[in-house]
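All values below come from the heavy atoms of this structure, side chains included, with hydrogens, waters and symmetry mates left out.
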Amino acid sequence: MKKLTEIFSLRGCVMFHFAFWLFFVLGFCANISKSVIEGSVASWLLTPLVTAFLAGAMALPTLISKSKAYKRVYIVAVSVLLTLLIAMEFFLMTEFSIFCGQDVIDILYETNGDESSEFLATYMSFGKIVLYVIGMVTVWALSFLLAKYIVQRCYAVYAECLLAGGGVIVMAVCGIGFIKYRNGMSIPQYSSPTRILYSMYVADRRAETNRELCGECASYIQTAGEKSRNRGLNVILVIGESHSYYHTPAYGYGINTFPLVGSIADSTLVWYDDIVTVSDHTQGAMDAIFPMNIPEGPTVLFPAVFKALGYKTAMYDNQYLAGNGISILSDGGISDLLYDVRNKTRVPDLELVRNGIAPDSANTMVIYHLMGSHYKYEERYPRDKFSVFGPDDYPGHGRDEAEILAHYDNSLRYTDYVLKSVMDKYADKNSVMVYISDHGEEVFDIDGYMGHGNAYSRSRPEYQIRVPMFIWMSEGYMASYPDKRDAIRRNSGKPGLTSGIGHLLLDLANEAESRYRPQRSIVHGSYEKPRRVVLNSLDFDEACAKK
């Protein structure tokens with residue numbers, strides 16, 4: 001050991017070793033917020049390896065220059081930045097129980113200066129600022145002393161090689177996963193710097209894509225000459241959140257999470273058995289649902305098509321508010337262009353539905369994007385009215401898991417009530433509604449895992465990729481379109497993909513519009529089953545056939 005340490009020292013690497021350990025200690029403190037919040041064993045194991053890889057990468061510049069002054073300035077600058085990251089992650093963790101990731105970066109992109117000032121004034125007092133400054137100085141000083149102590153030990157070099165080597169392997173595996181599946185979760189989420197840098201990259205890409213989409217949709221609306229021949233038709237799309245196919249009675253779940261919708265006669269409501277989403281997270285799912293991609297011509301979002309046909313369009317979204325957003329659902333320019341009506345605040349899902357525009361003599365296309373069963377599940381339903389299930393209803397699980405399962409299934413009971421309210425609102429009009437979840441959710445179904453966003457690495461990706469879907473028709477709609485009624489019932493067992501929703505809606509509206517392709521609509525007689533490629537490159541049917 002001593003000989004190897006002397007070799008490194010002779011090569012002028014002492015400053016490098018010190019920088020490595022200082023950056024490692026500070027980086028680990030900044031990176032553990034995810035591990036603390038999630039509490040997963042994998043996170044606690046992978047965080048130090050990824051941190052070591054980054055510490056080594058950040059320490060490399062100390063080998064380039066022979067100037068000690070440069071090295072000291074560089075080390076101080078990087079360590080100060082890492083200390084600020086610690087403060088930011090600690091603030092997010094203690095105030096909101098979150099860590100800095102894509103959601104936080106998206107909010108920062110969407111927030112203007114006035115909103116930022118109000119936010120800081122709400123959560124940061126002078127006393128808190130003083131405590132944070134004292135805390136940062138203390139953490140930096142202790143990390144400095146700890147790094148100085150470690151670098152003098154004979155085992156320091158071996159520990160560096162072990163940790164950094166493991167980090168290289170983790171980064172390589174994650175890099176391959178990202179190239180193959182284009183999933184941000186495969187960019188190491190166990191490091192604050194990589195999470196932030198990747199999220200900023202994604203935000204910039206989305207903003208550029210939104211500008212292009214807005215221009216293409218505007219051009220289409222201005223030049224499309226076709227107008228609808230319908231009178232008083234209501235086309236409704238309800239997008240759920242984290243609704244598990246496998247927690248739905250229509251697909252065999254033993255607990256009745258959908259009593260109201262489930263009691264509606266098969267003649268008016270038809271469940272679809274084999275629908276899969278393109279992505280395992282909300283943003284990716286929306287990026288697949290809204291565009292009407294066809295080989296010829298630019299990409300157009302399906303609300304633009306209804307707008308061009310003369311429909312009154314409305315969007316009620318409990319997850320994305322229109323403004324300076326970088327999602328196709330929160331971009332202010334896209335929203336102003338596509339929707340006549342848009343909600344400005346988030347409210348409980350039931351209130352969102354009740355506040356929606358009432359059907360009238362005009363053709364309307366209405367979208368409701370619910371908060372649904374987004375984690376945390378216990379916050380997604382009124383506890384006084386919808387606490388139907390309890391831990392005792394899940395005897396095969398430990399107490400903690402059983403409580404979470406009860407909260408999840410109770411949130412679905414609330415969604416069931418919300419969906420029935422939508423149907424009641426439009427029942428006496430000429431109306432057709434499609435309900436689909438953005439993606440699935442794992443809730444201790446096959447092991448101790450709960451959540452979504454990493455289907456590519458799971459043994460059963462279908463739990464996050466397969467989604468529930470149904471089509472509901474009012475009596476007036478069935479009388480007006482008996483052929484549609486029969487086709488909806490006839491095709492319920494066909495395999496589908498959420499990227500065909502726009503074509504499905506146009507088919508249900510009986511709009512033979514230039515962007516519409518009947519072979520993409522699952523209810524049409526000429527429907528062609530698509531090759532269901534999800535998560536960028538995973539052939540869903542092929543992957544499930546191997547299970």
Side-chain angles (χ1 to χ4, degrees), residues 236-266 268-273 275 277 282 316-319 346-356 368-427 433-445 450-452 463-464 466-472:
I236 307 128
L237 173 64
V238 183
I239 305 173
E241 168 65 50
S242 304
H243 180 173
S244 171
Y245 176 101
Y246 300 92
H247 281 248
T248 308
Y251 305 118
Y253 189 50
I255 294 177
N256 194 6
T257 54
F258 260 56
L260 299 177
V261 173
S263 66
I264 297 176
D266 293 342
T268 60
L269 190 147
V270 180
W271 289 90
Y272 277 66
D273 299 330
I275 308 298
T277 179
T282 302
Y316 298 94
D317 198 327
N318 248 349
Q319 295 192 50
R346 295 183 180 91
V347 295
D349 284 344
L350 183 59
E351 189 176 338
L352 188 79
V353 167
R354 288 176 174 170
N355 291 345
Y368 295 100
H369 183 200
L370 307 179
M371 188 60 77
S373 298
H374 195 289
Y375 189 74
K376 297 180 175 180
Y377 313 135
E378 63 266 29
E379 298 175 359
R380 299 297 168 238
Y381 65 96
R383 304 284 283 276
D384 57 335
K385 295 181 179 179
F386 290 89
S387 294
V388 179
F389 308 115
D392 294 340
D393 294 309
Y394 307 89
H397 297 267
R399 188 71 182 182
D400 290 343
E401 285 190 3
E403 287 183 355
I404 292 173
L405 277 162
H407 286 310
Y408 181 76
D409 285 350
N410 285 332
S411 73
L412 291 179
R413 287 282 292 227
Y414 181 56
T415 296
D416 170 62
Y417 187 81
V418 171
L419 291 172
K420 183 61 167 57
S421 298
V422 178
M423 289 181 269
D424 289 344
K425 184 171 185 173
Y426 292 92
M433 179 181 105
V434 175
Y435 170 75
I436 194 164
S437 183
D438 59 347
H439 52 72
E441 186 86 345
E442 288 193 58
V443 197
F444 312 119
D445 297 286
M450 176 197 75
H452 64 266
Y463 279 90
Q464 297 182 37
R466 195 183 298 278
V467 293
M469 173 178 139
F470 68 74
I471 299 175
W472 168 81

Both conditions, 6.0 Å and 45 degrees, for the charged tip of Arg466 above the ring of Tyr245: are they met here?
yes
Listed pairs under 3.5 Å, donor-acceptor, residues 251-260 side chains, sequence neighbours left out:
residue : atom : partner : partner atom : Å
Tyr251  : OH   : Tyr272  : O            : 2.6
Tyr251  : OH   : Met469  : N            : 3.2
Tyr251  : OH   : Met469  : O            : 3.3
Tyr253  : OH   : His247  : ND1          : 3.3
Tyr253  : OH   : Asp409  : OD2          : 2.6
Thr257  : OG1  : His247  : O            : 2.8

Gap between atom CE of Met433 and atom OH of Tyr426 - 0.5 Å precision
10.0 Å
Taking atom OH of Tyr394 as the centre, report whether more than 12 heavy atoms of other residues, nucleotides or ligands fall under 6.0 Å from it.
yes
What closest approach, in Å, do Pro468 and Thr248 show between heavy atoms, and which atom pair accounts for it?
CB-OG1, 4.3 Å
Output for pair (Glu241 CD, Ser411 OG), nearest 0.5 Å, gives 10.0 Å
Nearest-0.5 Å distance, NE2 of residue His407 to CZ of residue Arg380
12.5 Å
Check the pair Arg399, Asp392 against side chain to side chain contact (heavy atoms under 4.5 Å, CB included), reporting the backbone distance first and the verdict last.
CA-CA 9 Å; Arg399 188 71 182 182; Asp392 294 340; 3.5 Å; yes
Can you find a heavy atom in the side chain of Met450 that is under 4.5 Å from one in the side chain of Glu442?
no
Rounded to the nearest 0.5 Å, what separation is found between the CZ atom of Phe386 and the CG atom of Asn410?
9.5 Å
Within the 4.5 Å heavy-atom criterion, are Ile236 and Val422 side-chain neighbours or not?
yes
Polar side-chain atom of Asp438 near backbone of Ser242 as donor-acceptor pair, under 3.5 Å
yes
Plane angle bin for Tyr435 and His243 - parallel if under 30°, tilted between 30 and 60°, otherwise perpendicular:
tilted
Determine whether the aromatic ring centres of Tyr377 and Tyr408 lie less than 6.0 Å apart.
yes
Of all the heavy-atom pairs spanning Leu405 and Val443, show the shortest one and how long it is.
CD2-O, 3.3 Å
Any sub-3.5 Å donor-acceptor pair from Asp445's side-chain atoms to Tyr463's backbone N or O?
no
Testing the 3.5 Å rule here: is there a donor-acceptor pair between the side chains of Gln464 and Glu441?
no
Report yes if some heavy atom in the side chain of Met423 is under 4.5 Å from a heavy atom in the side chain of Val238; otherwise report no.
no
Does any N or O in the side chain of Asp416 come within less than 3.5 Å of the main-chain N or O of Leu412, such that one atom is a donor and the other an acceptor?
no
CZ-CG distance between Phe470 and Asp273, expressed to the nearest 0.5 angstrom:
14.0 Å
Minimal heavy-atom distance between Pro391 and Ala402, with the atoms involved, is O-CB, 3.5 Å
Quick check: does any side chain N or O of Asn355 sit under 3.5 Å from a backbone N or O of Leu352, one acting as donor and the other as acceptor?
no
For residues Ser421 and Leu350, determine if any side-chain heavy atom of one lies less than 4.5 Å from a side-chain heavy atom of the other.
yes
Heavy-atom side-chain proximity of Tyr381 to Ser387 below 4.5 angstrom:
yes
Heavy-atom neighbours of Lys425 NZ exceed 12 at 6.0 Å
yes
For Thr415 and Gly372, which heavy atoms make the closest approach, and how far apart are they?
OG1-CA, 3.9 Å
Looking only at atom types and distance, does a side-chain atom of Tyr368 sit under 3.5 Å from a main-chain N or O of Asp349, one as donor and one as acceptor?
no
Could you tell me if the side chain of Val261 sits less than 4.5 Å from the side chain of Trp271, heavy atoms only?
yes
To the nearest 0.5 Å, tell me how far Gln319 CD sits from Arg346 CZ.
8.5 Å
Tell me, do Glu351 and Val418 make a side-chain contact under 4.5 Å, heavy atoms counted?
no
